[in-house]
Number of protein chains: 2
Amino acid sequence: MSKPRINTMEELSVAIGVSRPTLSRFFQDPSRVKKNTAARIEAGLARVEYVPNFFATRMNRKSTGLIGVIIPYLNDLFFTKLLQAVEVAAMQAGMTVITQCSHSDPAIEARAAETFMSMSVDGAIVAPLGDHSDQAVHLRLKSRMPFVLMDSRPKTMPNVDFVGTNHHQSTGLITEYLCRMGEPPVFLAMPRVNFNAREREAAYIARMRELGFEPEVIGTELLHEDWHFEEHGEAVLDIEFGGGRLTDRSILCANDRVAIGAIRAAARHGLTPGRFGKGGLRIAGHDDYPLCPYLNPALTTVAQNTDAIGKKAVSRLLDLIRGDGRDDTPEITLFDGNLKLRESA
Amino acid sequence: MSKPRINTMEELSVAIGVSRPTLSRFFQDPSRVKKNTAARIEAGLARVEYVPNFFATRMNRKSTGLIGVIIPYLNDLFFTKLLQAVEVAAMQAGMTVITQCSHSDPAIEARAAETFMSMSVDGAIVAPLGDHSDQAVHLRLKSRMPFVLMDSRPKTMPNVDFVGTNHHQSTGLITEYLCRMGEPPVFLAMPRVNFNAREREAAYIARMRELGFEPEVIGTELLHEDWHFEEHGEAVLDIEFGGGRLTDRSILCANDRVAIGAIRAAARHGLTPGRFGKGGLRIAGHDDYPLCPYLNPALTTVAQNTDAIGKKAVSRLLDLIRGDGRDDTPEITLFDGNLKLRESA
DNA sequence: CGTCAACATTTACATGTGTAAAAAGGGAGG
DNA sequence: CCTCCCTTTTTACACATGTAAATGTTGACG
């Protein structure tokens, strides 16, 4: 059952009777070797246990075929969806993805960047931490390799390729919807862990003014640890509802996880948000978190097109790797959000 | 601002005025170099931009300091929690984690294993796909490096180190709780994507018999794609509730995501599961998915100790890497589940 | 001030594979 | 059947670093 194990191409070459460089070419692309020879190699390979040394192969190639991806947080289905889209797209392009999670710690993010440089990845896709990211790290990465930012975009880095959602459009869309169908909404902010938090807030304010309503933002004080969004949403509304406020208002949450907490707070105060209760409480979110349809009531929200974002980030990075549009203007791609009308608003 | 870039240790050695091997020792462990020399190197390093080549360093060391981790699925907070625990533990031990997701595809899992062998990782931790995993791949990995299975354990691989939850205890615990506090529960199974699915089912049946009740399992037919647990739970109960069945029963779901679907189905049929409604509908889950406390009603469940599982998987792997207990009996570690009493049951 | 030991540094070789250039092979046309 | 050209294979060197053994340095003690 267990085949004889061979550790180097050298040994393999004597075992099969082909020169080592021929094997090297075979492993890079079997078609670069005569059909006859390829068959002989494959037959030999079936008889022994051999895997080419990853490090030795990548060390010398001009291109490593590796893409580095950094995401800020694992325990968030939004990022896992995004990561999955990136991984699938990269796999289809024949690239290998090296994923690192910064666990919302800029030091870990910096270390991940270091690893990417050390590994000579062909390019990097980074979803930054927001304010907490060390932008020097991003700039260093960009100066060394094709580099694309994803999801959240620092205003201070206008010259970097970026792929994300058009929050002006998406937040504007749901704001407009809420205004059209009922009371103009209050905006329940999220802890400002990244730039999207503030972008959405600004988009809400702008759209409200356009529509002739006075914006109203709550929940900007950081009550809980970063990233504990549900807790945040629940706590803020617990205070409001407890004081008898907002119980018949429309509440637009900065993201779905905040909205999940908001719905929970409503339930605890005996309130049921809904689009059909004319004049009553409504709650809406942003992102289309995978569990939205299963909440009670199912959450009305705006979907971010994570598939498109992931795919585009990869394809843009591949363009940069190929050298297309390198020293050109950076490409900023923003995808529109789609309204997901469910029960809660 | 941008420092001169140096690509090899050789160049660096002339730039600083220290021999290359000394630099090599410095990068592996600064204390292996005279304090004086270390200071001189650090000063030099501050003036230039240099990162040691990952591949060249790892190629020659006897130990790569790498741990390979495979998880079956990204879009599931249970696995991300587990992965996070593993990453943190590994980081604390000074190891670098290479994460690969098999995306519930055995071919991708096999490719990931290949990558690990190719990279000479010091050891691998794998959360298998269940039935769909190619066990030959696991055996091959195990024959080549320290190997620990995590989360889900194939009955056909009794001789492999394993860390997971004692489902007999955990499922038994909540079964017993449900029986004690009300109607004996029906078991709402999940698609049998892994061994845990069947283990829990078996544990439920055994515990019910012990308590003198007749077990009753529903939802074993695969109505939806693998891993679409919420959809599955909702669909199965939609049929039952629609036929007027189970509306005042206790329902133990195979996991929390199934339970999320179940609660949703209940809501759509105007039912509110709860522990206080004596004699009424109750719904419970398994895992303690992070969102459980925010559902309406908050989900009663059994928590898997993901932190402990992740930590233990890493520490056991490190033991194996160090050579402790290598050819010994494999170590099977099962952590108990903890009851999380909330509102739904 | 000299000597010896302990330790830091350097020399010299090893690692497994990529790749340019040289050699060999194979097929077609004469 | 020979020759020439094109393709495949081989030779030879490169890559960036690890590491054992040899060499050098430092400092304490006599």
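Side chains are part of it too, since the values below use all heavy atoms of this structure and drop only hydrogens, waters and symmetry mates. Throughout, a chain's letter reflects where its sequence line sits, starting with A, and its residues are numbered from 1.
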Taken to the nearest 0.5 Å, the spacing of Asn53(A) CG from Met59(A) CE works out to 8.5 Å
Report task. Mind running side chain to side chain contact (heavy atoms under 4.5 Å, CB included) on Phe147(B) and Val126(B) for me, showing each step along the way? Result -> CA-CA 8 Å; Phe147(B) 180 75; Val126(B) 174; 3.6 Å; yes
With a cut-off of less than 4.0 Å, is there a side-chain N or O of Lys35(B) near OP1 or OP2 of dA8(C)? no
| request: Would you indicate, yes or no, if dT19(C) has its OP1 or OP2 atom less than 4.0 angstrom from a side-chain nitrogen or oxygen of Gln28(A)? | output: yes
Has Asp122(B) got a side-chain atom pairing as donor or acceptor with Gly65(B)'s backbone, closer than 3.5 angstrom?
yes
*asked:* Would you say Thr37(B) places a side-chain N or O within less than 4.0 Å of OP1 or OP2 belonging to dT9(C)?
replied: yes
Arg25(B) atom CZ is separated from dT11(C) atom C1', nearest whole Å, by 14 Å
Phe26(A) CZ to dT10(D) P, in whole Å, measures 15 Å
Closest heavy-atom pair, Ala90(B) versus Val97(B), reported as atoms and distance to 0.1 Å, is CB-CG2, 3.3 Å
Notebook entry, point to check: Within the modelled atom types, does a donor on one side and an acceptor on the other bring the side chain of Arg20(B) and the base of dG18(D) under 3.5 Å apart?
Noted result: yes
Testing dG26(C), dG18(C), dT17(C) for proximity to the side chain of Arg61(A), the answer is dG18(C)
ask   = Has the side chain of Asn60(A) got a donor or acceptor that lies under 3.5 Å from a partner of the other kind on the base of dT17(C)?
value = yes
Of Ser19(A) and Ser63(B), the one whose closest nucleotide on DNA chain D sits nearer the 5' end is Ser19(A)
Rounded to whole Å, the CG-C1' distance (Leu23(A) to dG16(C)) equals 13 Å
Between Arg40(B) and Met59(B), the residue closer to the 5' end of DNA chain C by nearest nucleotide is Arg40(B)
Taken to the nearest whole Å, CZ/Phe55(B) to P/dA16(D) is 13 Å
Any chance the side chains of His138(A) and Glu109(A) put a donor and an acceptor closer than 3.5 Å? yes
Nearest-nucleotide check on DNA chain C, Thr22(B) vs Ala56(B); residue mapping nearer the 5' end is Thr22(B)
Does either side chain, that of Thr80(A) or that of Gln84(A), offer a donor lying less than 3.5 Å from an acceptor on the other one? no
Rounded to whole Å, CD of Glu11(A) lies from C1' of dT17(C) at a distance of 14 Å
Taken to the nearest whole Å, CG/Asp29(A) to C1'/dG18(C) is 15 Å
From CZ of Phe27(A) across to P of dT9(D) the rounded distance in Å is 14 Å
Side-chain contact check for Pro21(A): nearest option of dA12(D), dT17(C), dG18(C) is dA12(D)
With the side chain defined as heavy atoms from C-beta on, Pro52(B) is closest, among dT17(D), dG16(C), dG18(C), to dT17(D)
Phe54(A) CZ to dT15(C) C1', in whole Å, measures 17 Å
With a 4.0 Å limit, can you tell me whether Ser24(B) has a side-chain N or O closer than that to the phosphate oxygens OP1/OP2 of dG18(D)?
yes
Tyr50(A) side chain near dG16(C) phosphate (N/O to OP1/OP2, under 4.0 Å) = no
